[in-house]
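Working notes, structure below.
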Amino acid sequence: MPELPEVETIVRDLQRLVTGATMKDATVLRPDLIEGEAGSLEAELPAARIDSIDRRAKNIIVSLSKSRRGADHLVINLGMTGRVLVLAGSDADPPHTGVIIGLKDGRKIVYQDVRRFGRLELLSAGEWRARSDSLGYEPLSDEFTAEALHELAKKSKVAVKVWLMDQKRVVGVGNIYASEAMFRAGIDPRKSAERLTKAEAKRLQASVREVLLEAINFRGTTLMDYRDAAGEKGEFSRRLRVYDREGEPCVTCGKKVERVVQGGRSTFFCPSCQK
DNA sequence: AACGCGCCCTGTCCGC
DNA sequence: TGCGGACAGGGCGCGT
């Protein structure tokens, strides 16, 4: 479900809502959501203060201090259907609640996940740094230049849309925004990454940044499950130009949007506008 | 070693 | 109405 714009929206919500809060207790209802020991997570979180909240790739990074053993980062990956909700302590826990973190101020942070593809993990600063180092370019950072994208792309024969979704290369772009970025760049998603021209690399780099920034401004895309930390839907869905629009007219040329399967995932594109 | 595929899991939708 | 199959914002581990 969540790609960079959705995770970024949740992170900004959490920054505003729970920075500086102290955890009181943690309850794990679905142990399979925890990477490592659920019991140790329940033991480590109480009394931890939330110092800051950040995003890296599609991960939410909650930086903690005063945790008993010095495990510094709670790393949350939402998988397909994960949600992080800040609720009043008296609110009922929603269906498929997996983890409840009570705060000393009476509120609670609830992790909810229907399909349970998401993961919560407690990592030391060093462990987190190593993990972060293994991930690719942040597309909204200054390091993500057209030249960098072009050089990386030259090394791979994979179809460029599939290439774009690999988190070891460029992070944060999932199935929706990959199709959208390819459309905006006017590039056939089936084209091999190594065959991208310099001009195409430049257009793709600009399109990735542009679509992600626009989607953040609309608080992400809700197709079915995505919600922000207050439980609200994202509004970018109506702005999608090709995703989930098979058979509908291309917004640019009017020809029918097509769907193909790449790497087991649907790709949507306009065969006339994308060469 | 890069790459492609199956799998994790629950819910929804569509065709018969 | 019911039922089976396909599919859904991600990512890991496997075999080649």
Side-chain angles (χ1 to χ4, degrees), chain A residues 1-11 29-36 55-60 75-84 94-99 111-121 131-132 134-136 139 152-183 189-194 208 211-212 214-216 218-229 232-247 259-268:
Chain A
M1 79 120 69
E3 307 181 32
L4 186 150
E6 291 76 36
V7 178
E8 181 67 24
T9 299
I10 292 171
V11 163
L29 301 175
R30 304 298 313 222
D32 56 345
L33 290 169
I34 311 301
E35 193 72 39
R55 180 192 58 74
R56 169 78 172 116
K58 300 173 192 169
N59 301 294
I60 300 166
V75 179
I76 304 172
N77 186 291
L78 301 169
M80 291 281 239
T81 54
R83 296 175 181 171
V84 178
H96 302 105
T97 290
V99 180
Y111 181 79
Q112 178 194 22
D113 195 342
V114 177
R115 292 175 71 181
R116 301 199 307 281
F117 287 171
R119 288 295 178 270
L120 288 78
E121 190 172 12
R131 176 81 57 84
S132 180
S134 72
L135 296 170
L152 255 190
K154 284 177 185 170
K155 299 175 188 169
S156 175
K157 299 183 193 308
V158 176
V160 61
K161 183 260 188 175
V162 175
W163 179 90
L164 189 58
M165 290 174 63
D166 185 337
Q167 305 297 298
K168 303 244 172 303
R169 294 162 174 145
V170 179
V171 303
V173 181
N175 206 37
I176 292 180
Y177 299 111
S179 279
E180 293 296 310
M182 297 309 306
F183 175 77
R190 301 165 295 186
K191 181 170 188 160
S192 172
E194 67 178 357
V208 166
V211 73
L212 294 177
E214 282 185 35
I216 289 170
F218 284 89
R219 303 187 59 78
T221 299
T222 296
L223 298 176
M224 296 280 287
D225 299 293
Y226 168 71
R227 297 293 186 279
D228 65 21
E232 300 294 325
K233 296 178 180 182
E235 297 298 328
F236 196 69
S237 331
R238 291 177 292 109
R239 309 263 159 175
L240 297 175
R241 298 180 188 174
V242 286
Y243 187 85
D244 206 20
R245 297 193 63 240
E246 182 183 13
R259 171 183 175 271
V260 293
V261 175
Q262 297 182 285
R265 323 284 304 268
S266 293
T267 300
F268 300 89

**Item:** Pairwise 5' ranking along DNA chain B for A/Val162 and A/Met224, keeping only the more 5' one
**Value:**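 Closest to the 5' end, via its nearest nucleotide, is A/Val162.
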**Item:** 5' precedence on DNA chain B between A/Phe117 and A/Gly263 (nearest-nucleotide basis)
**Value:**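 On the 5' side of the pair lies A/Gly263.
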Can you see if the side chain of [X] gets near the phosphate of [N] - specifically, an N or O under 4.0 Å from OP1 or OP2?
{"X": "A/Asn77", "N": "C/dG11", "answer": "yes"}
{"X": "A/Ser266", "N": "C/dC7", "answer": "no"}
{"X": "A/Lys155", "N": "B/dA2", "answer": "no"}
{"X": "A/Ser156", "N": "B/dC3", "answer": "yes"}
{"X": "A/His96", "N": "B/dG11", "answer": "yes"}

**Asked** From the list C/dG11, B/dT10, C/dG10, which nucleotide is the closest neighbour of the side chain of A/Val114?
**Response**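 From the listed options, B/dT10 comes nearest.
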**From B/dC3, C/dG10, C/dC7, nucleotide with atom closest to A/Val158 side chain** =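 Of the options given, the side chain of A/Val158 lies nearest B/dC3.
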**Message:** Tell me if a side-chain donor or acceptor on A/Glu35 pairs with a main-chain N or O of A/Leu33 at a distance below 3.5 Å.
**Reply:** no
**Asked** Are any side-chain N or O atoms of A/Ser179 and backbone N or O atoms of A/Phe268, one a donor and one an acceptor, separated by less than 3.5 Å?
**Response**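 Present.
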Smallest separation among heavy atoms of [X] and [Y], with atom names:
{"X": "A/Pro94", "Y": "A/Thr97", "value": "O-OG1, 2.6 Å"}
{"X": "A/Leu212", "Y": "A/Pro139", "value": "CD1-CG, 3.6 Å"}
{"X": "A/Tyr111", "Y": "A/Gly82", "value": "OH-CA, 3.5 Å"}
{"X": "A/Asp113", "Y": "A/Leu78", "value": "OD2-O, 3.9 Å"}
{"X": "A/Arg55", "Y": "A/Val7", "value": "CG-CG1, 3.7 Å"}

Categorize [X] for me: base, sugar-phosphate, or nothing, with a 4.0 angstrom heavy-atom threshold over every strand shown.
{"X": "A/Arg30", "value": "nothing"}
{"X": "A/Gly264", "value": "nothing"}
{"X": "A/Tyr177", "value": "nothing"}
{"X": "A/Arg119", "value": "nothing"}

Provide, to the nearest angstrom, the distance between the [atom1] atom belonging to [X] and the [atom2] atom belonging to [N].
{"X": "A/Met165", "N": "B/dG4", "atom1": "CE", "atom2": "P", "result": "13 Å"}
{"X": "A/Gln167", "N": "C/dG13", "atom1": "CD", "atom2": "C1'", "result": "17 Å"}
{"X": "A/Lys157", "N": "C/dT16", "atom1": "NZ", "atom2": "P", "result": "22 Å"}
{"X": "A/Gln262", "N": "B/dC3", "atom1": "CD", "atom2": "P", "result": "14 Å"}
{"X": "A/Leu33", "N": "B/dC8", "atom1": "CG", "atom2": "P", "result": "16 Å"}
{"X": "A/Asp166", "N": "B/dA2", "atom1": "CG", "atom2": "C1'", "result": "10 Å"}
{"X": "A/Asp225", "N": "B/dG11", "atom1": "CG", "atom2": "P", "result": "10 Å"}
{"X": "A/Lys168", "N": "B/dA2", "atom1": "NZ", "atom2": "P", "result": "11 Å"}

**Fill in**
Each base of DNA chain B marked ( ) or [ ] if paired in-strand (Watson-Crick or G-U under 3.5 Å), | if paired to another strand and . if unpaired gives .|||||||.|||||||
**Asked** What interatomic distance, in whole Å, is found between P of C/dG11 and the corresponding atom of B/dA1?
**Response**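 Going atom to atom, P in each nucleotide, I get 23 Å.
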**Request:** Mark yes or no for a side-chain to base donor-acceptor pair under 3.5 Å between A/Arg115 and C/dA8, with no hydrogen or angle criteria applied.
**Result:** yes
**Message:** Looking at A/Glu194 and A/Lys157, is there a salt bridge between them, counting it only when a charged N and a carboxylate O are closer than 4.0 Å?
**Reply:**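 Answer for the salt bridge query: yes.
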